[in-house]
J.: 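Let me begin by handing over the structure; questions about it come next.
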2 protein chains.
Amino acid sequence: MLSFTEENYLKSLFQLTVETALKEEAGTNELAAHLGVKPATANDMLKKLKEKKLIKYEKYGKSSLTKEGKKIAIDVIRKHRLWETFLFEKLEFSWDEVHEVAEQLEHIQSKKLIDKLDKLLNYPVSDPHGDPIPNAKGEMMILHQQTLAEESVGHQCKMTGVKDNSSAFLKYVDQLGLAINKTIKVLARHEYDDLIEIEVNGKRISVSPKFAENIFIFCTACKKKTNR
Amino acid sequence: MLSFTEENYLKSLFQLTVETALKEEAGTNELAAHLGVKPATANDMLKKLKEKKLIKYEKYGKSSLTKEGKKIAIDVIRKHRLWETFLFEKLEFSWDEVHEVAEQLEHIQSKKLIDKLDKLLNYPVSDPHGDPIPNAKGEMMILHQQTLAEESVGHQCKMTGVKDNSSAFLKYVDQLGLAINKTIKVLARHEYDDLIEIEVNGKRISVSPKFAENIFIFCTACKKKTNR
DNA sequence: TTAATTTGTTAGATAAGCCTAACAATTATA
DNA sequence: TATAATTGTTAGGCTTATCTAACAAATTAA
């Protein structure tokens with residue numbers, strides 16, 4: 001049985017590597033920053049998790065999950081996202097409120113609880129932020145190929161999720177009338193100040209590149225294939 | 001913000017004193033036994049909780065909750081019993097499975113979560129074991145005046161709850177066809193071996209005094225007033 | 001009322017998870 | 001390539017919650 005802390009290290013490592021799919025390993029400082037601890041603290045834990053065969057780690061090297069470590073990380077993420085979905089669907093939480101509580105709920109140990117929760121929610125495949133929910137076997141869809149920042153002018157797309165899960169960002173998204181499954185059309189990119197002009201709900205709005213980078217979209221026109 | 005452990009000490013102290021209503025204070029060894037720790041450990045925590053003004057404690061004396069400590073204890077119990085009710089009502093858990101998971105869930109911190117859960121469950125007043133659920137203000141019904149062991153021969157009563165919440169006992173109750181709200185008639189008490197013969201579901205069964213002491217009942221004939 | 005038993009306390013250890021400060025290795029840059 | 005900047009490690013400390021062993025107080029029984 002792992003501690004909450006150990007589970008959080010595995011989850012962070014997963015999120016920094018496999019989930020983003022851009023790399024296989026993460027550095028000690030990077031991991032420490034993601035978890036909000038000092039590098040020295042993370043270093044101790046890396047040795048401990050290596051000892052438990054949950055991660056691969058060599059002194060002065062980067063770290064990655066073993067098969068067993070990945071399995072646990074995915075399980076924690078499954079729990080986190082199922083709880084978020086439950087809070088949103090059944091308990092009237094808004095999408096910017098669910099994360100904080102799910103951070104606590106994700107560590108509850110009970111296979112039956114999670115499987116029944118999954119059933120109650122009718123086996124959802126994505127959470128309120130559009131992130132994929134692994135199934136009971138640990139399999140998960142990989143979505144999120146493209147961000148709004150990368151979309152071409154003139155193209156129309158659908159919002160599929162968000163990269164930044166902070167409450168502040170999510171509230172801002174709400175304010176602008178954006179939401180998962182909304183249709184977005186990219187009207188223009190302004191060279192002068194880099195703002196992107198889009199159409200949502202029949203209205204024209206401008207968003208910053210920073211904002212656009214945090215909005216995941218799916219563009220049918222683009223026909224990009226989903227890998228894995 | 002209290003630790004899980006601190007919350008558990010307050011809850012135990014509440015259960016050993018106020019809830020049973022038989023006494024106001026509990027001893028160090030008694031509390032330690034209830035929590036499954038050594039007296040030395042409990043002793044340290046008692047000093048700490050006194051420091052935080054959550055309990056009254058003097059060296060070599062017994063301990064009791066302060067107003068603030070009691071408030072926290074009741075809040076933890078409210079969460080525990082609401083979660084038990086949720087697991088039972090919404091997630092198809094049996095009454096002997098809910099306690100273990102609720103022990104974990106009772107420490108989740110989110111007022112909104114609990115209030116919404118309460119609403120989802122339609123503001124239940126008792127949990128699957130018949131124990132009263134404190135409301136959002138910390139008010140709770142006091143039930144459980146009498147046990148089956150005390151009921152007179154010839155009287156008819158209704159089962160209202162159980163004193164022993166162990167999985168083993170609860171399964172045994174199930175097996176015998178007993179359940180909350182079942183009507184029980186006391187047919188006889190056998191002097192020879194102290195067994196109590198009762199009628200439930202139109203069938204005659206015999207139960208031990210130990211068993212009967214753990215079944216709470218309400219006897220209309222008796223008309224005992226509920227205190228507090 | 002003394003002695004035995006029970007109950008409660010203290011001191012000293014341990015493990016987990018965190019920290020700071022100092023140092024070492026690696027990588028980037030001038 | 002030498003040096004500066006970044007990244008990672010080690011050593012030593014702190015807190016929380018636990019333990020054991022030894023001891024002290026309170027209660028019960030002879």
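The chains referred to below are lettered A, B, ... by the order of the sequence lines, with proteins before strands, and numbering in each begins at 1.
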J.: Show me the pairs that pass salt bridge (Lys or Arg N to Asp or Glu O under 4.0 Å) and involve residues 58-74 of chain B, at least two apart or across chains.
T.: B:K50-B:E58
J.: With rounding to the nearest 0.5 Å, note down the distance linking CD in B:E7 to CG in B:L2.
T.: 6.0 Å
J.: Using ring-ring contact (aromatic ring centres under 6.0 Å, His included) as the criterion, list what pairs up with A:F86, not counting sequence neighbours.
T.: A:W83, B:F86
J.: Hey, could you give me each pair passing side chain to side chain donor-acceptor pair (under 3.5 Å) that has a residue in residues 24-33 of chain B? Not counting sequence neighbours.
T.: B:K23-B:E30
J.: Is any side-chain N or O of B:K62 closer than 4.0 Å to OP1 or OP2 of C:dT7?
T.: no
J.: Taking only residues two or more places apart in sequence, or in another chain, which ones meet A:K116 in a salt bridge (charged side-chain N to carboxylate O under 4.0 Å, His left out)?
T.: B:E92
J.: Residues two or more places apart in sequence or in another chain: which of them pass side chain to side chain contact (heavy atoms under 4.5 Å, CB included) with A:H80?
T.: A:K11, A:E84, A:H99, A:A102, A:E103, A:E106
J.: Sequence neighbours excluded, which residues qualify as ring-ring contact (aromatic ring centres under 6.0 Å, His included) partners of A:F169?
T.: A:F211
J.: Tell me which residues in residues 7-15 of chain A put a heavy atom below 4.0 Å from DNA chain C, sorted by number, or none.
T.: A:Y9
J.: To the closest 0.5 Å, what do you measure between CG (B:L46) and CD1 (B:I55)?
T.: 4.5 Å
J.: Using the salt bridge (Lys or Arg N to Asp or Glu O under 4.0 Å) rule, collect all pairs that involve residues 33-49 of chain B, keeping only residues at least two apart or in two chains.
T.: B:E6-B:K48
J.: When you measure from every atom of DNA chain D, which of residues 46-58 of chain B have a heavy atom less than 4.0 Å away?
T.: B:K48
J.: Does B:R78 come within less than 4.0 Å of B:D115, counting only side-chain N to carboxylate O?
T.: yes
J.: Would you say B:S3 places a side-chain N or O within less than 4.0 Å of OP1 or OP2 belonging to D:dA17?
T.: yes
J.: Working to the nearest 0.5 Å, report the span between CG of A:L148 and CD1 of A:I196.
T.: 5.5 Å
J.: Quick test: give all pairs of protein nitrogen or oxygen and nucleotides 1-3 of chain D nitrogen or oxygen below 3.5 Å, distance rounded to 0.1 Å.
T.:
none

J.: Below 4.0 angstrom, which residues in residues 27-43 of chain B have at least one non-hydrogen atom near DNA chain D?
T.: B:V37, B:K38, B:A40, B:T41
J.: For DNA chain D, which ranges pair as stems of 3 or more consecutive Watson-Crick or G-U pairs, with both donor-acceptor distances under 3.5 Å?
T.: C:1-30 with D:1-30
